[in-house]
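Some notes on the structure that comes next.
Counting begins at 1 with the first residue of the sequence.
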Amino acid sequence: MDYVIIVAGGKGLRMGSEIPKQFLPVAGKPILMRTIERFHEYDEHLNIILVLPESQQEYWHQLCEEHHFDIKHQIANGGDTRFQSSKNGLALIPDGEDGVVGIHDGVRPFVSTDVISECYETAREEYAAIPVYAVTETLRYIDKRGGGKNVLRDDYRIVQTPQTFDISLAKQAFNQGYKEQFTDDASVVESLGCQVAMVDGNRENIKITTPFDIKIAEALLSE
């Protein structure tokens, strides 16, 4: 049985808004609802777990009523870190469950269903998979002294979500204590010595964190 954990813990600070960014409307509908809809479109039987801070859960329920949003999902409490939030989401999956779990940013509503499918199917074969896409800008490394040099962009990839894992592997990885080098969910799994496969992501799968991103999102929806 497959799951997705959608992590939405933003406070909206970079948006300059009192409303957390995952609740901001894009073309009349909260971003978070659009994200959930995309995974429901991929598989209507997918088990959806939404991770939200306790302080935001009542507001989320109000939004669901206002927008007549009825896609079935469970809610887990958000943690102080992404690591803890993902761990809280995993705790709602029964021990011994077989299948794949994806962990996805709540403010990435434009991941394609093809990318979602490729991530899940690759994780089914390889135990862990992440979507990536090529760097198109010039990259520069900055050292601690303020100096720097350009680096070969072909050596790097931009990482997206959903990051997908065998459920038992994910549970084992998140039973570790937190470490600063856990920059995303894949890094937690990699710390066990596991290889993480890469699949091609889609360029539109942006993380909406600034007012400019909202403009991009509106443009994408207008197409």
Side-chain angles (χ1 to χ4, degrees), residues 3-42 46-93 101-112 115-116 131 158-163 174 178 180 182-188 201-202 204-222:
Y3 290 77
V4 64
I5 297 169
I6 297 176
V7 182
K11 297 179 175 62
L13 299 179
R14 277 176 286 185
M15 281 290 184
S17 168
E18 292 183 1
I19 299 176
K21 55 183 176 287
Q22 60 266 21
F23 300 141
L24 291 174
V26 173
K29 184 180 294 183
I31 293 168
L32 186 53
M33 290 183 185
R34 294 191 178 279
T35 302
I36 293 173
E37 285 174 343
R38 186 54 58 95
F39 281 86
H40 187 67
E41 181 183 348
Y42 156 67
L46 186 67
N47 293 282
I48 299 171
I49 296 171
L50 175 60
V51 182
L52 276 177
E54 287 186 74
S55 61
Q56 297 176 9
Q57 291 175 16
E58 183 178 350
Y59 183 56
W60 170 247
H61 290 311
Q62 292 174 8
L63 286 175
C64 288
E65 289 184 10
E66 290 174 13
H67 291 268
H68 307 289
F69 187 77
D70 59 0
I71 294 177
K72 184 179 178 181
H73 60 279
Q74 295 175 274
I75 294 180
N77 294 333
D80 293 334
T81 62
R82 170 59 174 255
F83 173 85
Q84 189 61 53
S85 291
S86 296
K87 185 173 183 175
N88 291 353
L90 282 167
L92 293 187
I93 301 176
V101 57
I103 305 179
H104 188 71
D105 298 321
V107 288
R108 288 187 187 267
F110 297 115
V111 60
S112 74
V115 168
I116 296 172
I158 294 172
V159 178
Q160 303 176 323
T161 65
Q163 301 187 355
F174 279 88
Y178 173 74
E180 286 189 3
F182 291 163
T183 54
D184 65 357
D185 303 295
S187 63
V188 181
N202 64 297
E204 301 83 4
N205 185 15
I206 61 171
K207 188 175 183 180
I208 301 175
T209 57
T210 68
F212 180 69
D213 297 332
I214 289 283
K215 292 180 180 179
I216 294 174
E218 297 278 3
L220 288 171
L221 285 171
S222 70

Interatomic spacing from [atom1] in [X] to [atom2] in [Y] - rounded to 0.5 Å:
| X | Y | atom1 | atom2 | value |
| --- | --- | --- | --- | --- |
| Gln84 | Asn77 | CD | CG | 10.5 Å |
| Leu50 | Gln74 | CG | CD | 10.5 Å |
| Met33 | Glu66 | CE | CD | 8.0 Å |
| His104 | Asn205 | NE2 | CG | 5.5 Å |
| His68 | Leu63 | NE2 | CG | 12.5 Å |
| Asp213 | Ile206 | CG | CD1 | 5.0 Å |

Please test Ile75 against Gln57 for side-chain contact (heavy atoms from CB on, under 4.5 Å), starting from the C-alpha separation and ending with a verdict. CA-CA 8 Å; Ile75 294 180; Gln57 291 175 16; 3.7 Å; yes
Ignoring hydrogens, what is the shortest heavy-atom contact between [X] and [Y]? Give both atom names and the distance.
| X | Y | result |
| --- | --- | --- |
| Val111 | Thr161 | CG2-O, 4.1 Å |
| Lys21 | Ile208 | CD-O, 3.3 Å |
| Glu218 | Val26 | OE2-CA, 3.7 Å |
| Asn202 | Phe110 | ND2-O, 3.0 Å |
| Phe182 | Val188 | CG-CG2, 3.6 Å |
| Gly89 | Val51 | CA-CG2, 4.0 Å |

For Pro131, is there any backbone N or O sitting under 3.5 Å from a side-chain donor or acceptor partner on Gln160?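 Side chain of Gln160 to backbone of Pro131: no pair is present.
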Step-by-step side-chain contact (heavy atoms from CB on, under 4.5 Å) determination, Ile214 to Ile31: CA-CA 9 Å; Ile214 289 283; Ile31 293 168; 3.9 Å; yes
Residue pair Ile5, Ser86: steps toward the side-chain contact (heavy atoms from CB on, under 4.5 Å) verdict: CA-CA 7 Å; Ile5 297 169; Ser86 296; 5.6 Å; no
Can you tell if the side chain of [X] reaches within under 4.5 Å of the side chain of [Y], non-hydrogen atoms only?
| X | Y | answer |
| --- | --- | --- |
| Gln22 | Trp60 | no |
| Pro30 | Phe69 | no |
| Phe23 | Leu52 | yes |
| Ile93 | Ile49 | yes |

Is there any salt bridge (Lys or Arg N to Asp or Glu O under 4.0 Å) pair reaching into residues 77-92, and which pairs are they, with sequence neighbours excluded?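 Every salt bridge (Lys or Arg N to Asp or Glu O under 4.0 Å) pair that includes a residue of residues 77-92, provided the two are not neighbours, is Arg82-Asp105, Arg82-Asp185.
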When you compare the side chains of Ser85 and Asn88, does any donor N or O come within less than 3.5 Å of an acceptor on the partner?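 No.
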Under 4.0 Å between a Lys/Arg side-chain N and an Asp/Glu carboxylate O for Glu41 and Arg38?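 Yes.
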Mind running side-chain contact (heavy atoms from CB on, under 4.5 Å) on Arg34 and Leu221 for me, showing each step along the way? CA-CA 11 Å; Arg34 294 191 178 279; Leu221 285 171; 3.6 Å; yes
